[in-house]
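Comments concern the structure below.
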Amino acid sequence: MLSRKGIIPEEYVLTRLAEDPAEPRYHARERKARFVSKKGNCNVAHKNIREQGRFLQDVFTTLVDLKWPHTLLIFTMSFLCSWLLFAMIWWLIAFAHGDLAPGEGTTVPCVTSIHSFSSAFLFSIEVQVTIGFGGRMVTEECPLAILILIVQNIVGLMINAIMLGCIFMKTAQAHRRAETLIFSKHAVIALRHGRLCFMLRVGDLRKSMIISATIHMQVVRKTTSPEGEVVPLHQVDIPMENGVGGNSIFLVAPLIIYHVIDANSPLYDLGPSDLHHHQDLEIIVILEGVVETTGITTQARTSYLADEILWGHRFVPIVTEEDGRYSVDYSKFGNTIKVPTPLCTAHQLDEDHSLLDALTLASTRGPLRKRSVPVAKTKPKFSISPDSLS
């Protein structure tokens, strides 16, 4: 349309290419269902649970696990129901004592100024939340009223303790702190110290530290036993290396956690071509530690599928020293660069070391050659002849 109006010349207009009907069409490959999402949520649905009563045996945990709308609804209804229940009891006490009958004010009432259910409801609220406006009070005329006063105070304290504790636990849940624990979007496989290593980067956005932080990694895949048993979620632990030793890490700045792919690794026979065809591979990373400010144990999780692992890449450095302190550039947190890496499995690399030697020789030579710069010969500006010396 723009070319017809003369705004853009015809030679600069790109037309849509016609589709060749003989050309085969490729459909998007169906992605494997994650066991753990990138945000750390477990992708598991529990169905056909017959013993539902087990959840009521731990009411507090059940209330904490509920969603916020349901929790707030239960919070409001627990107070309303208790107020209405004891309002009915106070009204019945006044009715049985004859305090509601008009014109009979000679006897001392059990509770002063209760003339209807509305006044009994207001008195129930005053007793349970200890407002005490002063217009209504329990007299010593009825021992039953004194007993109900004690019971309502105890019930009100229990409801306050349970519901306020539930609200506090929901606001201070451990997964809230895990929102600032980040993992790299992709994992990489490259050479480190002459061995193929599986590497990922982890960091903490807050200044408050994670105490006693540990990291674990598991491979989850579908396997079949020699007896023919199919295990849909077979979990295998993988040792991680972090330079400190063991699984403990000091997470002050982003760290590159790596796993050496050796004969004991489940990734020993994994090659670059398998990353595009291995549909059952999922690597789960779990970071766990104690929050410094609250003392609550938190856990951050993520996972990497086969197509999220980059072969022959390495993470770029993001920690620099500026003005006497270390600076972290989180804009490059997940950036990687390509590095020379053998296109074979770790098993093949251990059997044939010539692959590593050839790669080392090619990297030392480099693609650039040193050019020789010719030296120009210059003539002296002044020449002295032998005749001038005589």
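For clarity, every value in this text was computed on a predicted model and none was experimentally measured.
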Do side-chain atoms of [X] reach the backbone of [Y] as a donor and acceptor pair under 3.5 angstrom?
X	Y	result
Lys38	Phe183	no
Thr139	Pro109	yes
Thr341	Val339	yes
Gln218	Ile284	no
Ser265	Asp262	no
Ser327	Thr320	no
Thr223	His234	no
Ser82	Ser78	yes
Thr76	Leu73	no
Asn153	Ile150	no

Mind checking the [atom1]-[atom2] spacing from [X] to [Y]? Nearest 0.5 Å is all I need.
X	Y	atom1	atom2	value
Leu305	Phe35	CG	CZ	13.0 Å
Ile146	Ile148	CD1	CD1	11.5 Å
Ile210	Thr180	CD1	OG1	7.0 Å
Ile93	Glu141	CD1	CD	13.0 Å
Leu310	Lys338	CG	NZ	9.5 Å
Leu255	Phe315	CG	CZ	12.0 Å

Step through the shown structure and confirm whether more than 12 heavy atoms of other residues, nucleotides or ligands are within 6.0 Å of [atom1] on [X].
X	atom1	value
Arg314	CZ	no
Glu321	CD	yes
Phe168	CZ	no
Phe95	CZ	no

Please determine whether residues Ile114 and Val129 belong to a single hydrophobic cluster, defined as Ile, Leu, Val, Met, Phe, Trp and Tyr linked transitively by side-chain heavy-atom distances below 4.5 Å.
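Shared cluster, yes.
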
Does Val319 belong to the same Ile/Leu/Val/Met/Phe/Trp/Tyr cluster as Ile256, with side-chain heavy atoms less than 4.5 Å apart forming each link?
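Per the 4.5 Å side-chain linkage, Val319 and Ile256 are not co-clustered.
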
Indicate the ring-plane relationship of Phe75 and Phe79, choosing parallel, tilted or perpendicular according to the 30° and 60° boundaries.
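Taking Phe79 first and then Phe75, their aromatic rings stand perpendicular (interplane angle over 60°).
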
Out of the candidates Val236, Ile283, Thr345, Val260, only one should pair with Leu267 under the side chain to side chain contact (heavy atoms under 4.5 Å, CB included) rule; please name it.
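Among Val236, Ile283, Thr345, Val260, the one that satisfies the side chain to side chain contact (heavy atoms under 4.5 Å, CB included) with Leu267 is Ile283.
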
Cys166: partners by disulfide bond (SG atoms under 2.5 Å apart), with sequence neighbours left out
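Cys166: no disulfide bond (SG atoms under 2.5 Å apart) contacts found.
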
Between side-chain atoms of residues 184-199 and protein atoms elsewhere (two or more places apart, or another chain), which donor-acceptor pairs fall under 3.5 Å?
from, atom 1, to, atom 2, distance (Å)
Ser184, OG, His186, O, 2.9
Ser184, OG, Arg201, N, 3.2
Ser184, OG, Tyr304, OH, 3.4

Test log, rule side-chain hydrogen bond (donor to acceptor under 3.5 Å, both in side chains), inputs Ser303 and Glu282:
CA-CA 7 Å; Ser303 67; Glu282 182 177 358; 3.2 Å; yes

